[in-house]
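Following: one structure in structure tokens, then a few remarks.
Proteins get letters first, then strands, A, B, ... in listed order; numbering begins at 1 in each.
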2 protein chains.
Amino acid sequence: MVSKRLQKGRKLPTLSDVARRAEVSTATVSRYLKSDDSIKPALRERVSRAIAELDYVPHGAARALASRRSHTIGAIIPALDNHIFAVAAQSMQHHLDPAGYTLLLTNTDYDPERELNQLRSMIQRGLDGVLLIGQQHTASVYELLAQQRIPYLNAWVFDPRSDHPTLGFDNAEGARRVTRYLLDLGHRHIAMIAGQQHGNDRAAQRVQGVREALAERDLSLPAKLFREVPYTIAAARRAYFDLHQTAPEVTAVICGNDILAMGVLFECQRLGVEVPRDLSITGYDDIDIVGDMTPALTTVHVPARTIGRRAAESLLQQVNGEPIAQPIRLDADLVVRDSCGPPRKTA
Amino acid sequence: MVSKRLQKGRKLPTLSDVARRAEVSTATVSRYLKSDDSIKPALRERVSRAIAELDYVPHGAARALASRRSHTIGAIIPALDNHIFAVAAQSMQHHLDPAGYTLLLTNTDYDPERELNQLRSMIQRGLDGVLLIGQQHTASVYELLAQQRIPYLNAWVFDPRSDHPTLGFDNAEGARRVTRYLLDLGHRHIAMIAGQQHGNDRAAQRVQGVREALAERDLSLPAKLFREVPYTIAAARRAYFDLHQTAPEVTAVICGNDILAMGVLFECQRLGVEVPRDLSITGYDDIDIVGDMTPALTTVHVPARTIGRRAAESLLQQVNGEPIAQPIRLDADLVVRDSCGPPRKTA
DNA sequence: CTGAAAGCGCTAACAG
DNA sequence: CTGTTAGCGCTTTCAG
């Protein structure tokens with residue numbers, strides 16, 4: 001019967017091995033590791049050599065236990081397979097790395113239960129700060145964060161009146177911009193294919209923005225012209241196919257994000273609907289690919305890289321004692337490309 | 001002057017607080033946490049209540065220090081913003097979660113130095129196992145892994161003769177398949193736009209596979225018909241534009257991955273080159289989107305989800321004492337869709 | 001500027 | 001089945 005336990009073999013060198021070899025105290029080695037300035041060059045040199053000779057690697061858990069700091073920052077993301085979030089995470093890591101912080105990344109699949117579990121698990125592993133997406137989290141999430149006194153940021157949204165620190169843009173405003181643009185082009189029969197609003201405040205705000213802009217011109221978004229689907233190409237294709245059958249008067253469709261817009265565009269290609277001549281389409285996010293497609297997609301630019309960078313900066317500040325983060329407002333501009341035009345003449 | 005140190009305020013409850021409140025020993029609480037079966041229901045109940053009352057959260061660093069297990073598995077990925085890798089990582093997490101393991105994800109941007117640093121940083125934080133992509137890593141990576149006795153897997157490749165455990169598919173074989181397919185369609189003027197081979201064995205093997213299949217029919221890939229570019233749409237567009245000018249005889253282009261294939265396709269749309277009538281295009285990876293485009297892309301299916309799952313399973317096994325992992329072979333099948341046809345008649 | 005020593009919170013023999 | 005106890009490797013006062 002083979003042992004079920006991990007065989008670690010000969011033990012790894014520890015800090016006190018280094019101290020012994022360098023003939024200094026463990027405190028000195030510890031100071032060296034922290035790059036404490038107050039060590040005489042002579043000792044510093046001895047420690048440095050001992051570390052190299054032993055191939056010593058500090059033990060993070062022991063350090064975290066003793067110092068009560070994990071040097072880890074988390075990011076709990078709804079969908080890492082959505083390019084826009086991957087980019088933000090990547091950017092965050094770029095800015096955390098040089099500060100000696102590790103990014104702990106997880107993916108919730110838009111599941112609040114999972115989000116809570118992942119936060120728990122991160123806290124257990126040691127967390128100095130965490131990035132969340134959106135404002136809508138289960139009460140337990142906020143309680144845990146408060147109880148453990150962990151700095152956090154709600155990204156992808158901007159809300160100065162919130163009790164929680166936000167870092168992002170006004171999702172409704174972007175939606176208003178894109179809607180007004182279509183309205184100005186002359187569209188009156190506008191449909192929307194949105195992401196699922198339940199548990200997703202960004203999706204809800206985008207819908208809200210569209211409704212508001214429509215209302216400004218005394219228009220509305222009847223149920224007949226509204227579809228709510230998961231963020232997949234396949235779902236968007238089905239939704240548009242259905243819309244195409246049941247509401248042929250539609251001349252423009254606003255999508256909750258670029259994935260959905262791509263789905264609509266692909267379905268148009270299959271159906272022989274020419275974009276933008278027969279139908280105008282808009283996206284939201286401005287992921288890399290959509291600017292290259294034919295037609296290039298008109299969309300709302302979400303500053304994902306900037307969010308990642310600012311998140312890293314802000315969390316690092318908070319971890320170092322700066323008390324409460326101010327909400328950070330970024331802009332989400334309309335990017336006009338080739339997927340929209342004036343409405344076709346009614347037959 | 002504000003304190004630079006984090007104010008942790010009142011202390012958090014510890015395991016011994018729980019033990020005191022439940023009137024049991026710390027060992028019992030520890031067993032409860034491990035869900036050790038051998039606890040009487042009565043005690044189990046008391047512990048459970050005490051934990052709830054105190055909102056107790058175990059301290060991972062302390063646990064890791066004492067048990068010498070971090071319950072963390074790493075994945076060091078070259079490009080998380082490439083959908084195929086995001087999918088694999090997601091799948092890995094799905095399978096690690098229920099086992100109580102956390103996935104520590106990082107992104108190297110194809111930089112070997114960064115890979116090494118990230119591995120170091122993970123080891124410091126505590127790592128029970130790690131997934132690497134490809135076989136080509138700096139010597140220090142392998143040394144560190146050996147010294148620290150950390151189980152690892154080289155994924156995305158399959159090589160039974162390697163000294164390192166591999167988990168993946170034969171990149172060259174996929175490339176051969178796609179090349180033969182084009183050859184059988186009648187193409188003789190075949191170009192390739194590949195990813196950068198330096199430091200990327202998968203990219204190199206794909207190029208190799210194409211060359212081999214060409215050689216089987218006494219053909220070759222002259223420098224004139226070969227381009228090596230970063231994995232971006234923009235770079236692929238430029239490369240194809242150039243090819244289109246300098247080698248108009250080309251009737252098919254094989255791309256190193258789907259991103260590149262999309263770039264070529266987009267450039268064709270701009271240039272008025274009709275696919276597949278005027279040009280056949282193939283990709284590699286089979287990311288979600290390419291099956292929906294018009295024309296749908298013929299490509300090689302990379303089983304990213306399966307890699308993620310098998311990686312989780314295998315690493316978990318190794319962590320639990322199963323000694324050396326066998327190489328795991330997966331298949332990378334050709335997926336025929338609409339982006340290829342017979343070569344156009346020579347003008 | 002450097003060292004001694006007391007923990008950090010939890011686990012794992014070993015007893016009983 | 002449960003408790004006692006000695007650490008795990010590092011940081012951090014507190015002296016000197």
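Summarising the geometry, the separation between CD on B:Q148 and C1' on D:dG9 is reported as 13 Å, rounded to the nearest angstrom. For B:E45 and D:dT2, the CD to C1' distance is 18 Å, given to the nearest whole Å. Protein atom CZ of A:R20 is 12 Å distant from nucleotide atom P of D:dG9, rounded to whole Å. Distance A:L43 CG to C:dC1 P: 11 Å, rounded to the nearest Å. In this entry the distance linking OH of B:Y32 with C1' of C:dT11 reads 18 Å, nearest Å. Regarding A:D36, its CG atom lies at a distance of 11 Å from the C1' atom of C:dT2, rounded to whole Å. Between the CG atom of B:D17 and the C1' atom of C:dC8 there is a distance of 13 Å, rounded to whole Å. Taking atom CZ on B:R31 and atom P on C:dC14, their separation rounds to 14 Å, with Å as the unit.
The side chain of B:L15 sits closest to C:dC10 out of C:dC10, D:dT2, D:dC10. Considering only side-chain atoms of B:A66, the nucleotide from D:dT12, C:dT11, C:dC1 that sits closest is C:dT11. Side-chain proximity of A:S30 to C:dC8, D:dT12, C:dT11: nearest is D:dT12. The listed nucleotides are D:dC10, D:dG3, C:dT11; the one nearest the side chain of A:H59 is D:dC10.
Under a 4.0 Å N-O distance rule, the pair B:R46/B:E23 does not qualify as a salt bridge.
Proximity of A:T28 to the phosphate of C:dG3: a side-chain N or O atom is located under 4.0 Å from OP1 or OP2. Side-chain nitrogen and oxygen atoms of A:K34 include none within less than 4.0 Å of the OP1 or OP2 phosphate oxygen of D:dC10. In terms of phosphate contacts, B:R63 brings a side-chain nitrogen or oxygen within less than 4.0 Å of OP1 or OP2 of C:dT11.
Between B:H164 and B:Y142, the angle of the ring planes stays under 30°, which puts this pair in the parallel group of the 30/60° scheme.
No option in B:I307, B:I77, B:N154 other than B:I77 meets the side-chain contact (heavy atoms from CB on, under 4.5 Å) test with B:I133.
At least one side-chain heavy atom of B:Q118 sits less than 4.5 Å from a side-chain heavy atom of A:Q93.
Both B:V29 and A:S25 sit near DNA chain C, but only A:S25 has its closest nucleotide nearer the 5' end. Comparing B:A62 and B:A27 by the nucleotide of DNA chain D whose heavy atom lies nearest to each, the residue mapping closer to the 5' end is B:A27.
Checked by atom type and distance alone, the side chain of A:N82 never pairs as donor or acceptor with a backbone atom of A:A79 at under 3.5 Å.
Side-chain atoms of B:R68 and base atoms of D:dG7 include no donor and acceptor less than 3.5 Å apart.
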